[in-house]
Amino acid sequence: MKEIYIFGHKNPDTDSILSALVLEAIEKTMGVKNAKAYRLGEINKETKYVLDYFGVKPPEFLEKVEEGREVMLVDHNEFSQSVEGIENAKVIRVVDHHKIANFATNEPIFFLAMPVGATATILREMCKVSGIRMDKVTAGLMLSAIISDTLLLKSPTTTDKDREAAEELAEIAEVDLNHYGLGMLRAGADLSEYSPMELINIDSKPFLTNGVKYQVAQINTVSIEDVLKDKEAIEEAINQYIKENNLDLFVFMITDIIENNSQIIVLGKQDIAEKAFNTKLEENTAFISGLVSRKKQVVPAIDKVIG
Ligand code: MG
Ligand code: MG
Ligand code: MG
């Protein structure tokens with residue numbers, strides 16, 4: 001029996017890695033024994049913290065999929081963010097919390113999308129509906145994905161479902177939500193070992209709207225000031241990335257996970273970003289109060305300008 005691959009998006013974040021693992025567990029409980037989680041890129045420090053904490057092995061790396069291979073997507077649906085060969089694979093399931101864009105299939109599929117803070121919140125709903133018991137580790141993984149995507153329930157993407165899920169999952173996982181959550185976010189905010197090019201690729205996604213090709217990358221920090229010390233080198237990396245990928249625009253979000261604001265560095269068609277955020281860039285950068293979500297704040301604002 002061939003494996004059914006489960007994976008989240010490229011440049012995987014915590015939700016993408018953990019939701020793939022959790023969906024594998026759910027599928028196995030429901031009798032789909034050949035379902036297996038994979039990753040499409042390196043594990044970041046935040047995700048590593050979680051896997052170490054709960055003693056879970058990271059999924060194996062998947063480079064591409066062959067024609068006709070059955071796959072399940074979590075935490076994304078846009079093919080530009082997916083695995084190589086996805087166009088000719090057979091997508092049989094999608095569980096996601098992003099906008100639906102450029103997605104179509106030849107056959108009916110299971111497609112579960114909800115506007116909640118994390119894919120893991122939707123997976124918890126699946127467990128509830130199907131009467132699946134969540135063990136300590138699975139609950140811990142779901143909780144961690146929710147903490148990561150909602151910045152400990154502070155992002156504007158956070159819904160009541162996420163809050164309710166986090167509370168219950170923390171209890172099953174036997175962790176203190178705030179203490180554990182802060183430890184996890186801080187582990188992810190350790191940027192000391194990254195080169196500028198790695199920094200802009202930790203959590204970076206491409207978008208295509210009305211022919212405008214743009215990229216939005218985000219890093220978490222406890223000190224925007226510290227990151228800005230490398231501003232020139234970061235700008236150099238962004239310019240190189242723009243050139244190599246033929247982009248119109250690159251927005252780099254440096255997000256303060258304690259204060260919940262972001263500094264943005266913008267290169268390319270800066271006027272689009274200035275309109276989107278109603279701001280004036282100075283030396284390619286601006287501080288935007290309350291900005292933390294790419295999905296709910298950045299991408300819709302940019303799409304509104306170019307759409
Ligand atoms: Mg994600
Ligand atoms: Mg997510
Ligand atoms: Mg994210």
Side-chain angles (χ1 to χ4, degrees), residues 6-24 26 37-51 58-59 61-62 71-83 86 93-101 103 111-126 138 140-159 161-163 165-166 169 181 184-185 188-189 200-207 215-220 251-253 255 257 262 292-300:
I6 307 174
F7 46 82
H9 52 79
K10 279 185 185 163
N11 300 325
D13 55 10
T14 297
D15 191 29
S16 258
I17 297 291
L18 302 186
S19 287
L21 289 168
V22 171
L23 184 57
E24 177 189 318
I26 292 174
Y38 282 89
R39 62 181 166 89
L40 301 189
E42 291 300 314
I43 302 278
N44 68 34
K45 286 185 188 169
E46 183 192 85
T47 312
K48 187 178 181 306
Y49 179 95
V50 177
L51 294 173
F61 177 68
L62 181 66
V71 301
M72 300 180 179
L73 312 185
V74 293
D75 199 38
H76 74 301
N77 67 82
E78 299 190 47
F79 282 8
S80 62
Q81 298 168 6
S82 200
V83 73
I86 188 68
R93 229 181 238 254
V94 178
V95 183
D96 191 17
H97 66 133
H98 293 87
K99 68 168 173 164
I100 318 299
F103 186 88
F111 195 114
L112 184 54
M114 289 169 73
V116 292
T119 299
T121 301
I122 309 175
L123 294 174
R124 177 195 170 253
E125 291 289 313
M126 274 178 77
T138 310
L141 298 184
M142 283 193 263
L143 171 69
S144 305
I146 295 169
I147 291 169
S148 171
D149 263 20
T150 63
L151 289 180
L152 200 40
L153 307 175
K154 288 208 198 94
S155 163
T157 55
T158 313
T159 66
K161 274 213 185 318
D162 302 304
R163 282 183 270 269
L169 293 168
M184 210 193 102
L185 292 180
I200 67 165
N201 275 293
I202 293 175
D203 180 7
S204 186
K205 286 185 189 174
F207 298 91
Q215 191 91 12
V216 183
Q218 181 173 31
I219 53 164
N220 291 341
V251 179
F252 184 56
M253 304 167 66
T255 300
I257 54 167
S262 290
V292 295
S293 172
R294 167 174 45 209
K295 180 193 301 99
K296 195 155 182 174
Q297 296 171 305
V298 175
V299 171

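We count ligands from 1, going down the list as the structure has it; atoms in each ligand are counted the same way.
The nearest N/O/S atom of D13 to the Mg ion (ligand 1) is OD2. D15 contributes atom OD2 as its closest N/O/S atom to the Mg ion (ligand 2).
For the Mg ion (ligand 1), the set of nearby N, O or S atoms under 2.8 Å includes none belonging to H98. The nearest N, O or S atom of D149 is not closer to the Mg ion (ligand 1) than 2.8 Å.
With sequence neighbours left out, K45 forms a side-chain hydrogen bond (donor to acceptor under 3.5 Å, both in side chains) with D190. With sequence neighbours excluded, the residues forming a side-chain hydrogen bond (donor to acceptor under 3.5 Å, both in side chains) with T159 are D162, listed by chain and number.
Geometry note: the Mg ion (ligand 1) is the vertex, H9 NE2 and D75 OD2 are the arms, and the angle is 90° (rounded to 10 degrees).
With 3.5 Å as the limit, one finds no donor-acceptor pair spanning the side chains of S155 and T150. For the 3.5 Å distance criterion, the side chains of N11 and S204 fail to qualify, holding no donor opposite an acceptor.
Between H97 and the options D149, T121, T157, a side-chain hydrogen bond (donor to acceptor under 3.5 Å, both in side chains) holds for only D149.
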